[in-house]
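First comes the structure, then the notes that go with it.
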Amino acid sequence: MAAPVKVRFAPSPTGFLHIGSARTALFNWLFARHEGGTFCLRIEDTDKERSKQEFLEEILSSLKWLGLDWDGELVFQSKRTEKYRAVADGLIAKGLAYPEDQAIRFRVPKTGKVGFDDLLHGRIEFDLEQHVSLAEDLVIFKSDGSPTYNFAVVCDDAEMGITHVIRGDDHINNTPKQIPLYAALGLTPPVFCHIPLILGEDRSRMSKRHGATSIREYLEAGFLPEALVNYLSLLGWSPGNNEEILPLEEIVRRFDLKRVLKTGAVFGRDKLEWVNGQYVRKLPVPELTGRLLPFLEKRGYAEASKDREWLERVVKLFQERIFMLSQFPDLAQFFFDEKIGYNQEALEEFRKDPRLKGAFTAYAAALEALEAFDVKTVEEKSRAFMKEQGMTGKEFIHPCRVALTGRTISPGFFDVVSLLGKKRAAERLRSAASQI
RNA sequence: GGCCCCAUCGUCUAGUGGCCUAGGACACUACCCUCUCACGGUAGGGACAGGGGUUCGACUCCCCUUGGGGCUACCA
């Protein structure tokens, strides 16, 4: 029996949760859940200047939003200074480290090779005589009394019993600094697995200039967390059978660290949007409606949720027309707002047909005469009305669509009429008639 | 500059020596469906960076070149 897996995600609370970090967290989480192991969080807040409480809260809420739950208590490096100090003192006592200008330096080996077996890359070796950054003794305690990253990481990973260190491959060059530390401490290093970074369109590490990088921005843009997680899991990994839209449980079940690619993947917004659209379409309407509520509120359409049944019918009309939640208030605006702003070009076009003005008015009356106002009835009566008027569907429906919605595009016309209701539909038709 | 990593369609990827005249998805184009839009459906263009080996046989293994990226802090 192999030892139970224990991994960690170790963010620094110096900024929002970056999409790249989130992917690293996700792969750690997927690996832990797949193996039935433990996924913990360690807050690397040794940089007192840049670490902020608000960033910590932001990171935690982003992880929760993504559904990446962690095990056990948070470990704060800032609260463990004593421990690091004790370890450093031990090193000094053994002559393996020494104070210098208030700082403590660890004597690193200057000749030979340092290497490790990476789970993904296989053997990676460094020739100490050529690796300039390894030539100087490693500072493990700064002169301000706080431990350095490479030192704290080793102490913590060892003490927490981390079995697999899964991190971005930008850390490959840190590994040869950490290995000698494990040796000096008499510890066996964990298994290292360096996964590729997420890239921007120009193939350089994804950063703000490539667009949205914080998880919060994706939440606000109207992405579904399960869609973002699905998409992220496909960056550098695939189940191997051409399947792409997979429920989280299935991703967990099939996730295999060894199948992760070594190549950096470009973050493609287009495909993310497509994946999100797939999830939007799969959501039961009541559920989708609930998720749209915050976006409606933000636009001042909170009133709309009072008639939940009606709102759900509206949502259903747009379920296949949006791929991001944030699109809904815009596309369905004419359902929530009486000010509909006519598409002027279209209006101009309709003025060329002398029949329209009268048809709008007559249609308004025809609708008002209806007893039932369900979609089926509306469609039947409307088609009969068109026939009476001697107008084709195209001649009549397009102008009416603009009269009712202000726009040239909308969900099915009869659905719109029915959901707008008798009163509002008639009002808008008359209003339009007066304007052409 | 030095060190390290990487290399299949524009992008995400399948592929682990013959199943590949390289499969899927996004995007793009055309057509179908149709009251517009979207969804859906069908079709199409589009890749193994280059050069050497190894082998009966290389997208798959090795080497070189080229290209890209990362790291080079008393930041994490």
Side-chain angles (χ1 to χ4, degrees), chain A residues 10-15 21 44-47 49-51 77 100-105 118 120-121 124-136 138-153 168-177 194 196-197 199 201-205 231 234-245 259 261-275 277-278 281 317-323 327 331 346 379 382-383 386 392-402 405 407-416:
Chain A
S12 292
T14 54
S21 303
E44 312 215 318
D45 53 355
T46 52
D47 185 331
E49 292 297 306
R50 296 195 298 143
S51 296
Q77 290 192 325
E100 180 192 78
D101 300 331
Q102 313 276 30
I104 302 175
R105 282 179 184 272
D118 189 278
L120 234 49
H121 301 271
I124 297 180
E125 281 196 332
F126 297 83
D127 190 325
L128 293 173
E129 283 161 69
Q130 291 184 68
H131 201 91
V132 288
S133 74
L134 261 33
E136 281 202 348
L138 183 72
V139 173
I140 57 177
F141 251 88
K142 297 180 252 179
S143 50
D144 71 355
S146 58
T148 58
Y149 167 75
N150 282 118
F151 184 59
V153 162
D169 62 17
D170 51 332
H171 282 288
I172 289 180
N173 290 291
N174 274 146
T175 313
K177 296 180 186 177
H194 292 93
L197 300 173
L199 281 21
E201 299 291 347
D202 62 358
R203 303 206 76 90
S204 70
R205 178 205 205 113
Y231 176 72
L234 260 21
L235 248 31
W237 175 82
S238 78
N241 63 345
N242 288 340
E243 278 189 81
E244 300 198 297
I245 304 299
R259 273 189 63 84
L261 260 24
K262 290 183 283 190
T263 336
V266 172
F267 185 89
R269 178 98 179 190
D270 281 349
K271 187 144 183 179
L272 203 212
E273 290 177 351
W274 174 78
V275 170
Q278 296 296 307
R281 259 151 250 150
L317 292 191
F318 289 92
Q319 185 166 32
E320 287 184 342
R321 280 164 243 264
I322 61 171
F323 49 86
Q327 295 174 298
L331 289 179
E379 172 154 11
S382 299
R383 288 201 187 278
M386 285 180 240
T392 64
K394 278 186 196 290
E395 286 172 332
F396 184 73
I397 292 177
H398 293 310
C400 281
R401 185 195 313 284
V402 175
T405 69
R407 315 168 175 220
T408 53
I409 59 173
S410 82
F413 178 71
F414 305 110
D415 287 296
V416 171

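The structure displayed is predicted, hence computed values, not measured ones. In what follows, chains are A, B, ... by sequence order, proteins preceding strands, each numbered from 1.
Remark: the separation of the P atoms in B:G24 and B:C9 is 16 Å, to the nearest Å. Between B:U54 and B:C61, the distance separating the two C1' atoms is 8 Å to the nearest Å. Spacing of P atoms, B:G23 relative to B:C4, comes out at 37 Å, to the nearest Å. Of the P atoms belonging to B:A47 and B:U11, the separation is 12 Å, rounded to the nearest Å. B:C12 and B:U8 have their C1' atoms separated by 12 Å, given to the nearest Å.
For A:R383, the salt bridge (Lys or Arg N to Asp or Glu O under 4.0 Å) partners are A:E379, not counting sequence neighbours. A:V416 is linked by a side-chain contact (heavy atoms from CB on, under 4.5 Å) to A:F334, A:F335, A:T405, A:S410, A:P411, A:L420, counting only residues two or more places apart in sequence or in another chain. For A:H398, the side-chain contact (heavy atoms from CB on, under 4.5 Å) criterion is met by A:K394, A:R401, not counting sequence neighbours. A search for ring pair (Phe, Tyr, Trp, His ring centres under 6.0 Å) contacts involving A:F413 returns nothing, not counting sequence neighbours. Scored by the ring pair (Phe, Tyr, Trp, His ring centres under 6.0 Å) test, A:F414 finds no partners at all (sequence neighbours excluded). When the ring pair (Phe, Tyr, Trp, His ring centres under 6.0 Å) test is applied to A:F323, no partner is found at least two apart in sequence or on another chain. In terms of the ring pair (Phe, Tyr, Trp, His ring centres under 6.0 Å) criterion, residue partners of A:Y231 (sequence neighbours excluded) are, by chain and number, A:F267.
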- Message: Applying side chain to side chain donor-acceptor pair (under 3.5 Å) to A:N150 and A:T148, what does each step give before you reach the verdict?
- Response: CA-CA 6 Å; A:N150 282 118; A:T148 58; over 6 Å; no

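For A:D270, counting side-chain heavy atoms from C-beta on, the closest listed nucleotide (B:A27, B:C3, B:A76) is B:A27. Of all nucleotides listed (B:G68, B:C71, B:C74), B:C71 comes nearest to the side chain of A:N173.
Nucleotide B:G45 is matched to nothing when pairs are restricted to Watson-Crick or G-U wobble geometry with both distances under 3.5 angstrom. Base-pair partner of B:C3: B:G70 (Watson-Crick or G-U wobble, both distances under 3.5 Å).
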- Item | Under 4.0 Å protein heavy-atom contacts per nucleotide of nucleotides 30-41 of chain B, with B for base, S for backbone only and - for none | -----BBBBSS-

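In terms of phosphate contacts, A:H171 brings no side-chain nitrogen or oxygen within less than 4.0 Å of OP1 or OP2 of B:C71. A close approach under 4.0 Å does occur between a side-chain nitrogen or oxygen of A:Q130 and OP1 or OP2 of B:C3. Under 4.0 angstrom from either OP1 or OP2 of B:G68 there lies no side-chain N or O belonging to A:R205.
At a threshold of 4.0 angstrom between heavy atoms, the contacts of A:D45 with the nucleic acid are absent. Contacts of A:N174 with the nucleic acid, taken as non-hydrogen atoms under 4.0 Å apart, include base atoms.
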Hey, what are the protein-to-nucleotides 14-18 of chain B N/O distances that come in under 3.5 Å?
from: B:A14; atom 1: OP1; to: A:S238; atom 2: OG; distance (Å): 3.3
from: B:G15; atom 1: OP1; to: A:R259; atom 2: NH1; distance (Å): 3.1

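Nearer to the 5' terminus of RNA chain B, by closest-nucleotide assignment, is the contact made by A:E244 (compared with the other of A:E244 and A:F141).
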